[in-house]
Amino acid sequence: MIMEKKQKKVQLTDEELIKRFQEGDLWAFEEIVNRYRNRLTNFVFRYINDQREAEDLVQDTFLKLYQNKHAYKEIAKFSTWIYTIAANLAKTLLRKRKTRKLMFFSQLGPEDKDLDLPADDITSQQMVEGQFDEKIIQEAIAKLPEHFRIAIILRDVQELSYEEICNIIGKPIGTVKSRINRARLRLQKELANL
Amino acid sequence: MKNCYKFKSLISNYIDKEISFRDRKFFESHKNECSSCQSLYTSVFSMKQRLGSLTSVETSNQFMESLRNKILKDRNSRILASQNKGFSFRQIPAFAYGFSSLMILVIAGFIYLQMPVNATNQEQQIPIAAQEKINNAKTTFQQQFDATPAHLPEETLAKAKADSGKSVQGDNVRNFENNMNKVDYQKK
Ligand SMILES: [Zn+2]
């Protein structure tokens, strides 16, 4: 009987789940978290290039959902909504990181400025052994400008539709298409140069 | 060259099948006749496939627990904040500060503008004879105020005057010396 009830709940759509959560069903909240925790962490990790920070940020995304569950209105797809929250938090984090970096460099003397931030060295030997392949790709993604990066991650890593990406980024379809194309060309060039 | 540029701009539309019939015809024919564009297309296409097959990052086992802790911590801080109803400057919104300073400015400005105008008006309205009387009264009042108290003996008064002068002078000298010492110390 209980199993049957659970089975039914598992088949609920995201929109049905959030509706239940809005009515006070905490099981529905946990179900949403379990559905999205890996997907969102993957997206944020590719975007901000730090796994631990990504996990922390995704928890903050769910905390926001918990605090503002009534802010979700049925006019939007739930996935788009939760992705938008995560994307905005990630953008804020990147902005803070940029300011920190600027402050760090402004504190250095002129002769120190040639030193770059410590980066992981990828040797050609490691490149030959395919295991570092992913690391190289991740580094190349991290080099893309932010607005290209988010577009290509949502499209090619997360495999979302153009429409969803438009809603998350808040840009018209033409802009999104052109960003994705330019991001792919840049990334290809970056990887070809290695 | 112009065709290569157009080809480049259409690559993603072609890969994602978001392309018009005419553009698709152009794309395919250029791909067959331009080797560099063909290799670019192959490279972009395989890269896109590769991105889709990247290993998924998994959340840690503590994910749920940390999330619960965050939620509890947030709830507790909210409860604390609602209980803590004591006065705090933070509770006053910025616009209240703005409004009150604006009001003070307006009132101060109003008083400033009104004061001198009233005073001159009053003086002008008073007839000359009455003004003389007032002036006389003022002088007598001033004289009374300045006059030495009659009940104190002359000697006590003189002594008091001398003492007060001395102490003031003494203080000045001491202050001056202190300052000089400070300057000397700083110079050293
Ligand atoms: Zn060409």
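- Interface remark: B:Gln49 contributes no atoms to any contact with chain A (heavy atom separation under 4.5 Å).
- Judged as a ring-ring contact (aromatic ring centres under 6.0 Å, His included), not a single pair has a partner in residues 138-194 of chain A (not counting sequence neighbours).
- The candidate with the highest count of non-hydrogen atom pairs below 4.5 Å against chain B, out of A:Leu185, A:Ile141, A:Leu40, A:Asn34, is A:Leu185.
- By the 6.0 Å contact criterion, NZ on A:Lys77 is open, its count of non-hydrogen atoms from other residues, nucleotides or ligands being 12 or less.
- Annotation: the span from A:Arg37 atom CZ to B:Met64 atom CE amounts to 6.0 Å, rounded to 0.5 Å.
- In the hydrophobic clustering of ILVMFWY residues, with side-chain heavy atoms under 4.5 Å counting as a link, A:Phe45 and A:Leu94 come out apart.
- Rounding to the nearest 0.5 Å gives a distance of 10.0 Å between CG of B:Leu51 and CD of A:Glu134.
- Taking CD of A:Glu55 as the reference point, atom CZ of B:Phe63 lies at 6.0 Å (rounded to 0.5 Å).
- Counting heavy-atom pairs under 4.5 Å between each of A:Asn42, A:Val33, A:Val157 and chain B puts A:Asn42 at the top.
- Salt bridge annotation for B:Arg50-A:Asp156: absent, with no cationic side-chain nitrogen under 4.0 angstrom from a carboxylate oxygen.
- Between chain B and the options A:Glu30, A:Lys189, A:Arg39, the largest number of non-hydrogen pairs under 4.5 Å is found for A:Glu30.
- Neither the backbone nor the side chain of B:Ser46 comes within contact range of chain A; no heavy atoms are under 4.5 Å apart.
- Of the listed residues (A:Gln158, A:Arg155, A:Gln138), the one with the most heavy-atom contacts under 4.5 Å to chain B is A:Arg155.
- For chain B, no part of A:Phe43 is nearby; none of its heavy atoms comes within less than 4.5 Å.
- Salt bridge status for A:Glu159 with B:Lys48: absent, with no side-chain N to carboxylate O gap under 4.0 Å.
- In this structure, OG on B:Ser43 lies 8.0 Å from CG on A:Leu191, to the nearest 0.5 angstrom.
- Residues A:Gln59 and B:Leu67 come closest through the heavy atom pair O-CD1, 3.4 Å.
- More than 12 heavy atoms of other residues, nucleotides or ligands sit less than 6.0 Å from atom NZ of A:Lys91.
- A salt bridge does not link B:Asp16 to A:Lys177: none of the charged side-chain nitrogens sits closer than 4.0 Å to a carboxylate oxygen.
- Atom CZ of A:Arg149 is surrounded by more than 12 heavy atoms from other residues, nucleotides or ligands within 6.0 Å.
- With rounding to the nearest 0.5 Å, the separation of CZ in A:Arg184 from CZ in B:Phe45 is 9.5 Å.
- Two different hydrophobic clusters hold B:Tyr112 and B:Ile104 under the rule that ILVMFWY side chains link at heavy-atom gaps under 4.5 Å.
- A salt bridge does not link A:Lys64 with B:Asp74: every distance from a Lys NZ or Arg NE/NH1/NH2 to an Asp or Glu carboxylate oxygen is 4.0 Å or more.
- Atoms CE and CG, on B:Met47 and A:Leu187 in that order, are 4.5 Å from each other to the nearest 0.5 Å.
- With hydrophobic clusters built from ILVMFWY side chains whose heavy atoms lie under 4.5 angstrom apart, A:Leu26 shares a cluster with A:Leu17.
- The number of heavy atoms from other shown groups lying within 6.0 Å of CD (A:Glu16) is above 12.
- For chain B, the option among A:Thr41, A:Ile180, A:Ile153, A:Asp56 with the highest count of heavy-atom pairs below 4.5 Å is A:Asp56.
- Taking 4.5 Å as the limit, every side-chain heavy atom of A:Val58 sits out of range of all side-chain heavy atoms of B:Thr59.
- Contacts between residues 27-38 of chain B and chain A, counted as heavy-atom pairs separated by less than 4.5 Å, involve no residue at all.
- Environment of NZ in A:Lys69: crowded, with over 12 heavy atoms of neighbouring residues, nucleotides or ligands closer than 6.0 Å.
- Under a hydrophobic clustering in which Ile, Leu, Val, Met, Phe, Trp and Tyr are joined whenever their side-chain heavy atoms come within less than 4.5 Å, directly or via other members, A:Trp81 and A:Ile150 fall into the same cluster.
- The two residues B:Arg75 and A:Tyr66 have their closest heavy-atom pair at NH2-OH, 3.3 Å.
- Both A:Trp27 and A:Phe78 are part of a single hydrophobic cluster, where members link through side-chain heavy atoms under 4.5 Å apart.
- The minimum heavy-atom distance between A:Asn181 and B:Ser12, with the atom names listed, is OD1-OG, 2.7 Å.
- A 4.5 Å side-chain heavy-atom check between A:Asn38 and B:Val57 finds every atom pair outside the cut-off.
- Side-chain atoms of B:Leu54 and A:Arg46, non-hydrogen and from C-beta on, do get closer than 4.5 Å to each other.
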